[in-house]
Amino acid sequence: MSRYWLMKTEPNTYSIDDLEREGRTQWEGVRNYQARNLMREMQVGDRVLFYHSSAKPPGVVGEARVVREAYPDHFAQQPDSPYFDEKASAEDPRWYMVDVEFVRKLPGFVSLETLKGARGLEDMIVTQRSRLSVQPVTRDEFYIVCALGDGASA
DNA sequence: GCCAACGTTGGC
DNA sequence: GCCAACGTTGGC
């Protein structure tokens, strides 16, 4: 079971700066079963690579940490929410979220292009054209990405 | 803005 | 349970 993850967010919607300012946030709005199932495997203390998608350029911008394990995403039950799902209910919440807290911004931005060219990251899901918004990352991959963001040379 | 990849829905 | 149509993601 992975203790390391990558979570995507569009910075227009929620960025690393938002997380730094707020300190902690609910990761609501995941509406994909595979991503949901992965979130349900998360444990408090798990480490997260914070990834900006649909950004120019896209890439890893920081690190976060899981501070609350999966619980019902109640936004799915709120008709005025953009994340509303009419099939969700209190009895069967259908969707779940976790809470994450800010750990740090990486000193250096690690672009998707860099990830794709880095030794040891060939099998990383995000480099494989995957649309999955919550992804497991191996321990080695996690530390390689952090090293790239900390400015270590190959 | 385009479009490839891929997930979901619904008719049969 | 198959699969075509459709919708979404997200890089480019």
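The sequence lines fix the lettering, A, B, ..., with proteins before strands; numbering per chain opens at 1.
A heavy atom closer than 4.0 Å to some atom of DNA chain C occurs in A:L112, A:K116, these being the qualifying members of residues 109-125 of chain A.
The side-chain hydrogen bond (donor to acceptor under 3.5 Å, both in side chains) search around A:E122 returns none, not counting sequence neighbours.
A:Q135 has its side chain within reach of A:K8: a pair of non-hydrogen atoms, C-beta onward, lies under 4.5 Å apart.
Remark: the backbone N or O of A:S89 is not paired with any side-chain donor or acceptor of A:D92 at under 3.5 angstrom.
Other residues, nucleotides and ligands place more than 12 heavy atoms under 6.0 Å from the CD atom of A:Q77.
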Is there a side chain to side chain donor-acceptor pair (under 3.5 Å) between A:Y96 and A:R36? Walk through the geometry before answering.
CA-CA 6 Å; A:Y96 288 77; A:R36 179 202 68 180; over 6 Å; no
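When every heavy atom of A:V30 is checked against every heavy atom of A:W95, the shortest pair comes out as O-CE3, 3.5 Å.
A salt bridge links A:D85 with A:R94: the distance from a Lys NZ or Arg NE/NH1/NH2 to an Asp or Glu carboxylate oxygen falls below 4.0 Å.
Following rounding to the nearest Å, A:H52 (NE2) and C:dC12 (P) show an atom-to-atom distance of 17 Å.
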Protein within reach of the bases, or only the backbone? For nucleotides 3-10 of chain B, mark each nucleotide 5' to 3' as B, S or -, using heavy atoms under 4.0 Å.
--BBSSS-
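For the side chain to side chain contact (heavy atoms under 4.5 Å, CB included) with A:Y51, the lone residue among A:V61, A:I16, A:L112 that qualifies is A:L112.
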